Number of protein chains: 2
Amino acid sequence: MSLPHAILTALLEKPSSGLELTRRFDKSIGFFWSATHQQIYRELGKLEQSGLIEAIPQPPSRGQRKEYKVLPAGRTALLDWVGQEQDPKGVREPLLLRLRAAAVVGAPGLQGELQRHLALHEQQLTEYLEIEQKDFPAERAAEENRLQHLVLRAGIGLETFWIQWLTEALTGLPDPARS
Amino acid sequence: MSLPHAILTALLEKPSSGLELTRRFDKSIGFFWSATHQQIYRELGKLEQSGLIEAIPQPPSRGQRKEYKVLPAGRTALLDWVGQEQDPKGVREPLLLRLRAAAVVGAPGLQGELQRHLALHEQQLTEYLEIEQKDFPAERAAEENRLQHLVLRAGIGLETFWIQWLTEALTGLPDPARS
DNA sequence: ATTTACATGTAAGGGGTTACATGATTTG
DNA sequence: CAAATCATGTAACCCCTTACATGTAAAT
C-alpha cells in the first residue's frame, strides 16, 4: 500500500495532474518508489473515489488536463500510514540470484554483466551527488529539509555500496568465463 | 521471472519436495528472494508442465510428498537466464517514502520506528555473520564457492549500510516527535 | 490538413499475499 | 480414535508491467 501514499505526499508538496505526477516521480520520489503513468492514473481514480483527493473542477473530457489536490481526509490518512509499524522487506535482487545460479551452472558472460551494472550504479550515484550539491549545499546544514536530505543520503549510500561490492566482485574473477 | 529460476537453482543443488524447498528458501535463497509455499507449489506445477523439471514417480495423491528434479531442458533454461542482460531495479523501500511523507505531514513516533528497524537490521547482520563464520571460514579462502560467498557478502554489506544510515538518522533527531 | 506533442485512459497478463481447504502420517 | 503435524493445493485479491487506445492542442 505504498503507491497511494507516495502520491498523497507528492500532491501535498504540489497539486498536479496525472502526467505531471508521472514526471515528478521520474526524478524524485521515483528514485525509491517508481511508478508508471498507468499506475498513477488508476491510483488517482481510487484516491478520488475514496474521498482522499479531489479534482479541481474542469470540463471532464478525455485528453483534458485534470488537476488534483489533497483533501483533509487524505492528509489524515497519510499521517496514519507514516505512524504505522512496517517491517523492512528483505532484499529482492535478481543479480544475486543469478550469481547463485552461476555457481551451479556456470557463468559465461557474467563478468560483462557485472561491469555493466557497475557503470549503471556509478551513473546513478553521479546523479544523486549532483542533486545533493544543488538542493542541499553545505552552508545551510538545514534543519528544515533534514528528512529529505536523509532520504537522498540513503540513495547515495546504497549506490556507493553496490559500486564497492561490484568492484570487489570483479577483481576476484578476472577470467572472462567458465562454462 | 526470477522465482522459477530461483527454484531451478535450488533443485539443482538438491532435488526436493515443495515443502522442503519452502524451508530451504526460508534460510538461504530466501534471504534475497523470499517465497511462500503457495508461490512455490504454483511455480513447481508450471515448471513441470513446461518440461523443465520432473516429479520422481510416486502415487500422485493429495498430501503425498512429491519430489522434483531438474531436467536437462531446465538446466539450459537457467543457463540462458543467467546470461541475459537485466538492469538493476531501483530501490523500493517504504521507509524512505515514509520519511519523505513525514517531512510534509510531521512524524510522531518515527524515532521509535527507526530504532525498531535498526534492531531488526542488527539482528539480520548477526545472522549473516554467523553463516559466514560457519560456511566460509578464513582458512580455505575458497575458489570453489567464491560466488556463494560473494552473495552473502552483499547481504552483509547491505545490512551494514542500513545500520549505519539508521544510526546517523537517529543521532540527528533526538526529539521524540514533531507534529 | 497533417503531423507532433500532450494527456488520460483500457486491457491483458504476471507475480505476490493472504486465507482457506484437504489429504496423509504420526502421536497420545 | 482424536489431535497434531506434515504436505500439497485452491481461491481471491491486489499490484505491477506492457502494449495499446483515444482524445485535445499546438506547430508546420
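All values below were derived from every heavy atom in this structure, side-chain atoms included, with hydrogens, water molecules and symmetry-related copies excluded. Letters A, B, ... mirror the listed sequences (proteins, then strands); counts begin at 1. Just so you know, these numbers come straight off a predicted model, no measurement behind them.
Atom C1' of nucleotide D:dA11 and atom NE2 of B:H37 are separated by 13 Å, given to the nearest angstrom. For A:E67 and C:dT8, the CD to P distance is 10 Å, given to the nearest whole Å. To the nearest angstrom, P of C:dG23 lies 18 Å from CG of B:L19. The interatomic distance linking A:K46 (NZ) with C:dG9 (P) rounds to 15 Å, in whole Å. The distance from atom CG of A:D87 to atom P of C:dT17 is 13 Å, rounded to the nearest whole Å. Nucleotide D:dG9 holds its C1' atom 13 Å from the CD1 atom of B:I40, rounded to whole Å. Rounded to whole angstrom, the span from the OH atom of A:Y41 across to the C1' atom of D:dC16 amounts to 17 Å. Counting to the nearest Å, the C1' atom of C:dA7 and the CD atom of A:E20 are 11 Å from each other.
Proximity of A:W33 to the phosphate of D:dC15: no side-chain N or O atom is located under 4.0 Å from OP1 or OP2. The phosphate of C:dT25 (OP1 or OP2) has no side-chain N or O of B:R65 nearer than 4.0 angstrom. Within the 4.0 Å cut-off from OP1 or OP2 of D:dC16, at least one side-chain nitrogen or oxygen of A:Q39 is found. The shortest distance between the side-chain N/O atoms of B:Q64 and the OP1/OP2 oxygens of D:dC6 is not below 4.0 Å. The phosphate of D:dT24 has neither OP1 nor OP2 within less than 4.0 Å of any side-chain N or O from A:K66. Phosphate contact (OP1/OP2 of D:dC16, side-chain N/O of B:R92, threshold under 4.0 Å): present.
Under the 4.5 Å side-chain contact rule for hydrophobic residues, A:L12 and A:L71 do not share a cluster.
A cation-pi arrangement is present between A:R92 and B:W33, with the terminal nitrogen or guanidinium carbon under 6.0 Å from the aromatic centre and inside a 45° cone about the axis.
Side-chain proximity of B:Y68 to the nucleotides D:dG9, D:dT18, C:dG15 is greatest for D:dG9.
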Please step through side-chain contact (heavy atoms from CB on, under 4.5 Å) for the pair B:F31 and B:I131, ending with a clear verdict. CA-CA 12 Å; B:F31 285 143; B:I131 294 175; 3.6 Å; yes

Could you walk me through whether A:Q84 and B:E113 satisfy the side-chain contact (heavy atoms from CB on, under 4.5 Å) test, starting with their C-alpha distance in whole Å, then the side-chain angles of each, then the deciding distance to 0.1 Å, before giving a yes or no? CA-CA 8 Å; A:Q84 282 171 20; B:E113 180 71 353; over 6 Å; no

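Place A:S17 and B:M1 on DNA chain C by their nearest nucleotides, and A:S17 ends up nearer the 5' end. The residue among A:A35 and B:Q38 whose nearest nucleotide of DNA chain D is located toward the 5' end is B:Q38.
For a distance-only test at 3.5 Å, the side chain of B:R42 qualifies as a donor-acceptor partner of the base of C:dT17.
Taking all atoms of both residues into account, the shortest heavy-atom contact from A:G18 to A:I40 is O-CG2, 4.0 Å.
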